[in-house]
Amino acid sequence: MNKPIGYWIKRLDAALDVQLDATLARIKLTRGQWHTLGTLSEGAMLPDHLEDVLQPLWGRDVRLRERELAALVGRGMITMIDDRLALSERGREKYHEAQRLVEDARHDLSMGIGIDEYAIALSVLERMSLNAERLAR
């Protein structure tokens, strides 16, 4: 039975969420913590700026954001330097460990898919997304 593209997109999205969460759980990180470490790996920033950058990923749940940050501070991965949040050496190591695991998982997810096939799939999804957004206006 042929399923519409929306079915496959939702199924893939759900599977990717589960897979990423499981990958990060192996090293005791949540997705929010991973995004936080990744953002701070680019350089120290003021807490308000970090909040602005990560708000689309965290959503409006202030308590969740505070728990995620407190966990990273408590585990010695984030520190304060001149009123800015920064990665500690432990945080940088954990971020790089997570990046390796995520890259390995992405490689496994794309097994059997050629570079050209992947590029075509991205191109098609991008064009369909733009078309859907245009039509929704």
Side-chain angles (χ1 to χ4, degrees):
M1 184 184 315
N2 256 348
K3 302 279 189 209
I5 193 163
Y7 169 86
W8 291 111
I9 289 171
K10 288 180 181 183
R11 183 172 167 180
L12 175 60
D13 185 55
L16 289 173
D17 282 348
V18 169
Q19 186 275 330
L20 179 58
D21 290 343
T23 297
L24 293 171
R26 290 173 43 199
I27 57 170
K28 296 180 176 48
L29 282 180
T30 66
R31 190 182 315 198
Q33 292 167 349
W34 177 59
H35 286 300
T36 303
L37 294 176
T39 300
L40 290 174
S41 74
E42 297 171 13
M45 61 179 57
L46 294 169
D48 287 346
H49 186 226
L50 178 67
E51 183 176 328
D52 290 343
V53 170
L54 293 175
Q55 195 278 326
L57 300 168
W58 279 337
R60 303 230 179 256
D61 188 341
V62 175
R63 281 187 236 152
L64 173 63
R65 180 180 68 245
E66 289 172 352
R67 278 194 313 268
E68 297 286 40
L69 284 174
L72 291 171
V73 169
R75 293 168 61 192
M77 290 185 226
I78 293 179
T79 189
M80 290 290 282
I81 300 174
D82 298 327
D83 296 330
R84 294 179 181 270
L85 293 168
L87 286 185
S88 66
E89 187 58 36
R90 175 180 281 173
R92 191 164 305 286
E93 289 169 6
K94 183 63 83 169
Y95 175 68
H96 289 301
E97 180 183 9
Q99 281 301 100
R100 283 189 298 275
L101 287 174
V102 169
E103 287 301 317
D104 289 347
R106 286 178 180 158
H107 179 269
D108 291 345
L109 286 166
S110 62
M111 283 181 23
I113 300 170
I115 293 170
D116 292 342
E117 289 176 294
Y118 187 80
I120 289 168
L122 289 180
S123 176
V124 168
L125 291 172
E126 178 184 14
R127 284 181 279 153
M128 287 184 79
S129 296
L130 293 172
N131 287 343
E133 289 165 0
R134 177 181 49 80
L135 292 169
R137 285 187 228 142

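- At a threshold of 4.5 Å between side-chain heavy atoms, the hydrophobic network of Ile, Leu, Val, Met, Phe, Trp and Tyr places M128 and I9 in one connected group.
- Using modelled atom types and a 3.5 Å distance limit, the side chains of Q99 and W34 yield a donor-acceptor pair.
- Between I5 and L125, some side-chain heavy-atom pair lies under the 4.5 Å cut-off.
- Interatomic distance, L16 CG to L109 CG, rounded to the nearest 0.5 Å: 6.0 Å.
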Discussion item. Test side chain to side chain contact (heavy atoms under 4.5 Å, CB included) on D61 and R65; report intermediate values, then the result.
Written reply: CA-CA 6 Å; D61 188 341; R65 180 180 68 245; over 6 Å; no
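- Residues Q33 and A71 approach most closely at NE2-CB, 3.4 Å, considering heavy atoms.
- When only modelled atom types and interatomic distance are considered, S123 and R127 share a side-chain donor-acceptor pair under 3.5 Å.
- Taking CE of M45 as the start and CG of L50 as the end, the distance is 6.0 Å to the nearest 0.5 Å.
- The CG atom of L87 sits 10.0 Å away from atom OG1 of T79, with the distance rounded to the nearest 0.5 Å.
- Inter-residue side-chain proximity for K28 and R75 is flagged as met; some heavy-atom pair is nearer than 4.5 Å.
- From H49, atom NE2 reaches atom CG of L54 across 9.5 Å, with rounding to the nearest 0.5 Å.
- In summary, E89 and R92 do not engage in a salt bridge, as defined by a charged side-chain N under 4.0 Å from a carboxylate O.
- In summary, the side chains of T30 and E68 do present a donor paired with an acceptor at a separation below 3.5 Å, with no hydrogens or angles considered.
- Under a cut-off of 6.0 angstrom, the local environment of CG in D83 is sparse, with at most 12 non-hydrogen atoms contributed by other residues, nucleotides or ligands.
- Residues L69 and E66 are not in side-chain contact: their nearest non-hydrogen atoms beyond the backbone lie 4.5 Å or more apart.
- Atom CG of D108 sits in a crowded spot, with more than 12 heavy atoms from other residues, nucleotides or ligands closer than 6.0 Å.
- Counting heavy atoms from C-beta on, the side chains of T36 and Y95 never come closer than 4.5 Å.
- Separation of atoms CG (L37) and CD1 (I78) is listed at 6.0 Å; rounding is to 0.5 Å.
- With a 4.5 Å cut-off on side-chain heavy atoms, V102 and H107 do not count as touching.
- Between L24 and A98, the shortest heavy-atom contact is CD2-CB, 4.0 Å.
- Interatomic distance, S88 OG to E93 CD, rounded to the nearest 0.5 Å: 8.0 Å.
- By the 6.0 Å contact criterion, CD1 on I81 is enclosed, its count of non-hydrogen atoms from other residues, nucleotides or ligands being greater than 12.
- Closest non-hydrogen pair, W58 versus E51, comes out as CZ3-CA, 4.3 Å.
- Residues L72 and L57 fall within the same hydrophobic cluster, defined by Ile, Leu, Val, Met, Phe, Trp and Tyr side chains chained together at heavy-atom separations under 4.5 Å.
- The shortest non-hydrogen separation linking M80 to P47 is CE-CG, 4.5 Å.
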Item to complete: Show your working on side chain to side chain contact (heavy atoms under 4.5 Å, CB included) between E97 and K94 and close with a plain yes or no.
Response: CA-CA 5 Å; E97 180 183 9; K94 183 63 83 169; 3.7 Å; yes
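- Judged by distance alone, the side chains of Q19 and T23 do bring a donor and an acceptor atom under 3.5 Å apart.
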